[in-house]
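The sequence lines fix the lettering, A, B, ..., with proteins before strands; numbering per chain opens at 1.
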Number of protein chains: 2
Amino acid sequence: MTLQELIDTKNFINQLSVDCAIFGFHDNSLKILLLKYHELNLWAIPGGFIFEDEHLDDAAHRILYERTHLEDVYLQQFYAFGGIDRTEKNNPHRQLLANKGIEIDKDHWINKRFVTVGYYALIDYTLSHTFPDAFNETCAWFDVHDLPEMAFDHKEIIEKGLEHLRKTLDYDIVGSNLLPEKFTMKDLQNLYEAILGEKFRRNNFQRKMLSLNILDRHEKLFSGSANKAPYLYSFKKK
Amino acid sequence: MTLQELIDTKNFINQLSVDCAIFGFHDNSLKILLLKYHELNLWAIPGGFIFEDEHLDDAAHRILYERTHLEDVYLQQFYAFGGIDRTEKNNPHRQLLANKGIEIDKDHWINKRFVTVGYYALIDYTLSHTFPDAFNETCAWFDVHDLPEMAFDHKEIIEKGLEHLRKTLDYDIVGSNLLPEKFTMKDLQNLYEAILGEKFRRNNFQRKMLSLNILDRHEKLFSGSANKAPYLYSFKKK
DNA sequence: GCAAAAGTGTTCTCTGTACACCCATGC
DNA sequence: GCATGGGTGTACAGAGAACACTTTTGC
């Protein structure tokens, strides 16, 4: 959908949007997938609008698919952001419209304040393809603690999503969505240390995870390094 | 505001609303304050619409005030409900409009599907005044496990709010908002047993609460009964 | 054999639970 | 004194933290 087609669309709910914080795990740190408006030096999490007769969750999945081509993703709603100034600063729509010389009415819905519902997605970093979408943006992964200049209040949305992820931490859901099919205990530990921002004892962490009874142990991983080969694990299928 | 004034209002965000589940504690059980549309046999939690330029949290406070005259209330947002059929069943607006013979356009915003943001309020049961508001409804407290016929999907909203309350349970916030200024340890225990739906050992509960260091102990409460008088407690001021 | 990292064992502490006992109160 | 319910003590079990020890791997 082009910007012109977007602003001509009539059957969106006015002043309501969905934004998705996409978390991935790589290089022992928690990453987030951001889209860049390439004419602008602004990054954003993928977001969009809800059709008048569309389930909010369906809208979140659709928007995620349209803007990243990710399907069958774990998505969790976490908070509705309703500040009156939240779309005032770093508003890429206004800047793009101005750049393209498109004149739109001051009362057009895209110029109004939006309430946005935040969702987070958990995806396997190794399976994601980052690619430019119809808005001619580029995509890239960023460390959650080292974000670039963000559109709107997207930095606060990411923070709140991460906080929700931490508070409602489910070892099974988080691990099975953020790690590849098979992984070592060290991978798992690195993941939880990155999310929770604290270090654990190697041996105690291992015992804790095994006691949860959510892992299957597989063959050992021979990496060629001069030490004992770790077992590979996967999450048990339901 | 009358129903006619409501439907004539132009500066609400279309298809977005706020609903507040108001929790109170009485007779050792968790109660919820419901409003009744007196021409209909339908009960609802107080809800309303958001002005185009109003903070979502401010809207929640305003709606709560307009419909119950409660002020300075602890309010917590917990979830946005976005199902496409959520306003189809038990829709009091349509029934009231039909009863009053008010004809409105099928495309009028009040006939559309609404996404609603759920908040819960925690109030001291003894301080609340239940009274009919401008909609000529009546109000009453109900046990959360024994609800009457509810408008829209309000039963599910209450369930989800209660679930959120349980999961994010903060002894200080919940206790200091749901209990009167001074209370006995037994009152406190009854409150948490009602919320969590489980029984605790009297002595262990007491030790746990005292170890949290959030209570001040005051004089004893002489009730006239033939047993040791319990201490009164209050939550420490910050 | 040796270094490096994985895997397992053991002890200690803390929290939560279950049971027991004592204390205050009004009759 | 006695029944009733409040307050405190203590012992046991399980989880988590800190430490040590053994095993596996490639050089």
Inset, instruction - Classify the side chain of Arg207(A) versus the base of dG9(C) as yes if they form a donor-acceptor pair under 3.5 Å and no if they do not. - result: yes
Inset, instruction - For residues Glu198(A) and Glu193(A), determine if any side-chain heavy atom of one lies less than 4.5 Å from a side-chain heavy atom of the other. - result: no
Inset, instruction - Rounded to the nearest angstrom, tell me the gap between atom CG in Leu210(A) and atom C1' in dG7(C). - result: 10 Å
Legend entry - Length of the CZ-P vector between Phe205(B) and dT15(C), whole Å: 17 Å
Inset, instruction - Look at the side chain of Asn203(B) against the base of dA18(C) and say whether a donor-acceptor pair falls under 3.5 Å; ignore hydrogens and angles. - result: no
Legend entry - OP1 or OP2 of dG6(D) under 4.0 Å from side-chain N/O of Gln206(B): no
Inset, instruction - Go through residues 178-198 of chain B and report each residue with a non-hydrogen atom lying under 4.0 Å from DNA chain D, sorted by number. - result: Lys186(B)
Inset, instruction - Using a heavy-atom cut-off of under 4.0 Å over every strand shown, decide if Ser211(B) touches base, sugar-phosphate, or nothing. - result: nothing
Legend entry - Phosphate-side-chain proximity, Lys220(A) and dT25(D), N/O vs OP1/OP2 below 4.0 Å: yes
Inset, instruction - Would you kindly compare Lys228(B) and Ala229(A) by the position of their nearest DNA chain D nucleotide and give the one closer to the 5′ end? - result: Lys228(B)
Legend entry - Sidechain-backbone polar pair: Arg113(A) side chain, Arg86(A) backbone, donor-acceptor under 3.5 Å: no
Inset, instruction - Verify the ring-centre separation between Tyr65(A) and His61(A): is it less than 6.0 angstrom? - result: no
Legend entry - Separation of dA6(C) P from Leu232(A) CG (nearest whole Å): 12 Å
Inset, instruction - Would you please confirm or rule out a distance under 4.0 Å between OP1 or OP2 of dT17(C) and any side-chain N or O of Arg201(B)? - result: no
Inset, instruction - Could you please name the option among dA24(C), dT25(D), dG7(D) that lies closest to any side-chain atom of Phe222(A)? - result: dT25(D)
Inset, instruction - Name the orientation class of the two ring planes belonging to His154(B) and Phe152(B) (parallel below 30°, tilted from 30 to 60°, perpendicular beyond 60°). - result: tilted
Legend entry - Of the listed nucleotides dT25(D), dC23(C), dG26(C), the one nearest the side chain of Ala226(A): dT25(D)
Inset, instruction - Ignoring the backbone of Pro230(B), work out which of dG9(D), dG16(C), dG7(D) is nearest its side chain. - result: dG7(D)
Inset, instruction - For Lys208(B) and dT8(D), give me the distance from atom NZ to atom C1', rounded to whole Å. - result: 18 Å
Legend entry - Integer-rounded Å distance: dA6(C) P and Tyr233(A) OH: 11 Å
Legend entry - Any donor-acceptor N/O pair, Asp170(A) side chain to Ile173(A) backbone, under 3.5 Å: yes
Inset, instruction - Scan Tyr231(B), Tyr192(B), Phe235(B) and name whichever one has a ring pair (Phe, Tyr, Trp, His ring centres under 6.0 Å) with Phe183(B). - result: Phe235(B)
Inset, instruction - Could you tell me the separation between the CG atom of Asn204(A) and the P atom of dT11(C), rounded to a whole number of Å? - result: 15 Å
Legend entry - Distance in angstrom units between Arg217(A) CZ and dG7(C) P, rounded: 6 Å
Inset, instruction - Quickly work out the Tyr231(A) OH to dG7(C) C1' distance and round it to whole Å. - result: 8 Å
Inset, instruction - Indicate, with yes or no, if the rings of Trp43(B) and Tyr37(B) have centres closer together than 6.0 Å. - result: no
Legend entry - Nucleotide of dT8(D), dG7(C), dG5(D) approaching Asn227(B) most closely (side-chain heavy atoms): dG5(D)
Inset, instruction - Go through the steps for Tyr79(B) and Tyr79(A) under the test ring pair (Phe, Tyr, Trp, His ring centres under 6.0 Å), then give the verdict. - result: CA-CA 7 Å; Tyr79(B) 201 73; Tyr79(A) 201 73; over 10 Å; no
Inset, instruction - Return the nearest nucleotide to the side chain of Arg202(B); candidates are dC21(C), dT25(D), dT17(C). - result: dC21(C)
